[in-house]
Amino acid sequence: MKIGFIGLGNMGAPMAANLVKAGHEVTGFDTAGVTVAGVTTAASAADAATGADVVITMLPNGAILRAVAAEVIPAMTKGAALVDCSTVDVDSARAVAAEAEAAGLLAVDAPVSGGTGGATAGTLTFMAGGSEAAFVKAKPLFDIMGQKAVHCGDAGAGQAAKICNNMILGVTMIATCEAFALADKLGLDRQKMFDVVSTSSGYSWTMNAYCPAPGVGPQSPADNGYKPGFAAELMLKDLRLSQQAAESADADTPMGQAAAALYAQFVEAEDGRGMDFSAMLPRFEKRGRS
Ligand code: NAD
């Protein structure tokens, strides 16, 4: 396929490289002037999109996605697919899909999980929203860049799945970290805490697979000085998107709201920026009740 790839950052560059490796003809564009081996560099997003069967975007946020979409949609050939893999707000995802469809294009919102490691290894999970025809067109590319692609529903459903998952993740990480900090103050050994909780009703992915306590459970960023992994500021971004969606859908999400406020404090007023999101544990450890 002829593929236009817009946004060649930490995630986009290795994803584009995997498409090249699989034999696709990829033309890329990034405002930072990033180049990727095997990817033809275009002078603009519209140039990268011209004549492409599929245009993939991997951008920082919804406002940038809307601006890029306004530029590439008129340049694309009818019947081609616009596949956005960025994590953005549901409203932007739906607005871009509507514009693309009005121009005779197929559209998929397909945010990913798996981080830069998954992007490099080609083992991402894609959660996709859009028509069946759009999903079918993008699926062979998802299979190259990832190991699983779930068609979640209509436009915006991929973003909805992503932010609901990450809202659970943020809330659960905080609960796990505050429980460890309480256990410390009660004189409970962390290994014993892990042994009990990981096999009891308090178990979770954050406890069992990504334990925030160093030296306990499987290897995780806690064992590497809390170097990300998944950075606290990215968790904050996703929690804010969940609260923006909750506002617009009139959903009551008190735990998600509390998690967003705590990560905001951690990233913006404390030393959380650049740390893994599990570094909530040393944060709680240092604090008292007030
Ligand atoms: P990044 O900042 O490394 O990459 C974004 C790229 O977009 C940058 O290279 C930037 O120069 C480029 N860009 C910005 N505006 C542009 C424009 N108008 N035209 C063309 N290029 C433009 O970010 P990333 O880590 O690659 O993440 C990309 C998206 O994937 C984000 O939405 C993020 O939330 C999501 N995501 C990231 C991870 C992760 O672990 N990094 C995991 C899952 C999802």
Side-chain angles (χ1 to χ4, degrees), residues 3-19 26-36 39 41-49 52 55-73 75 82-93 96 108-128 142 145-149 156 158-167 169-170 210 221 227-242 244-245 263 267 273-278:
I3 300 168
F5 206 115
I6 299 160
L8 299 166
N10 293 324
M11 296 290 291
M15 289 164 71
N18 282 333
L19 294 172
V26 184
T27 303
F29 175 72
D30 190 297
T31 40
V34 185
T35 57
V36 176
V39 174
T41 304
S44 68
D47 279 356
V55 173
I56 300 177
T57 47
M58 194 51 169
L59 298 162
N61 59 49
I64 294 176
L65 170 66
R66 284 177 192 246
V68 167
E71 194 189 332
V72 299
I73 288 171
L82 178 58
V83 179
D84 176 46
C85 295
S86 333
T87 303
V88 302
D89 57 286
V90 176
D91 292 342
S92 292
V96 165
V108 189
D109 55 291
V112 302
S113 106
T116 52
T120 305
T123 56
L124 294 169
T125 295
F126 289 84
M127 34 214 118
F142 295 154
M145 298 183 285
Q147 61 185 357
K148 191 170 172 69
Q159 298 296 348
K162 168 89 185 173
I163 57 173
C164 288
N165 180 74
N166 281 20
M167 187 173 80
L169 178 63
Y210 203 92
K227 195 169 156 274
F230 184 46
E233 58 268 30
L234 292 181
M235 174 48 82
L236 174 59
K237 172 190 169 180
D238 292 358
L239 285 167
R240 282 183 165 151
L241 290 175
S242 75
Q244 193 180 332
Y263 273 104
V267 168
R273 189 175 295 278
M275 304 283 276
D276 187 73
F277 83 120
S278 62

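Each ligand, and each atom within it, is numbered from 1 in the order the structure gives. Remember, it's a predicted structure, so these values are computed and weren't measured experimentally.
Remark: minimum distance from atom 6 (C) of ligand 1 to any protein heavy atom is reached at Asp30 OD2, 3.6 Å. The protein heavy-atom contact nearest to atom 16 (C) of ligand 1 is Thr31 OG1, 3.2 Å.
Those atoms of ligand 1 with a heavy atom of Ala32 less than 4.0 angstrom away are 11 (O). Listed by atom number, the atoms of ligand 1 under 4.0 Å from Ser86 heavy atoms are 32 (O).
Annotation: Val68 places no N or O atom under 3.5 Å from an N or O atom of ligand 1; distance criterion only. When only interatomic distances are considered, the shortest N/O to N/O separation between Lys237 and ligand 1 falls below 3.5 Å. Geometrically, ligand 1 and Asn10 share a nitrogen or oxygen pair separated by less than 3.5 Å. The shortest N or O to N or O distance between Thr87 and ligand 1 is below 3.5 Å. The N/O atoms of Met11, backbone and side chain alike, include one that comes under 3.5 Å of an N/O atom in ligand 1.
Put simply, the side chain of Gln159 gets close to the backbone of Ser86: a donor and an acceptor are under 3.5 Å apart.
At a heavy-atom distance under 4.0 Å, no atom of Ala231 approaches ligand 1. If you look at Ile6 next to ligand 1, the close heavy atoms, those under 4.0 Å, all belong to the side chain. Within the 4.0 Å heavy-atom criterion, both parts of Leu59, backbone and side chain, lie near ligand 1.
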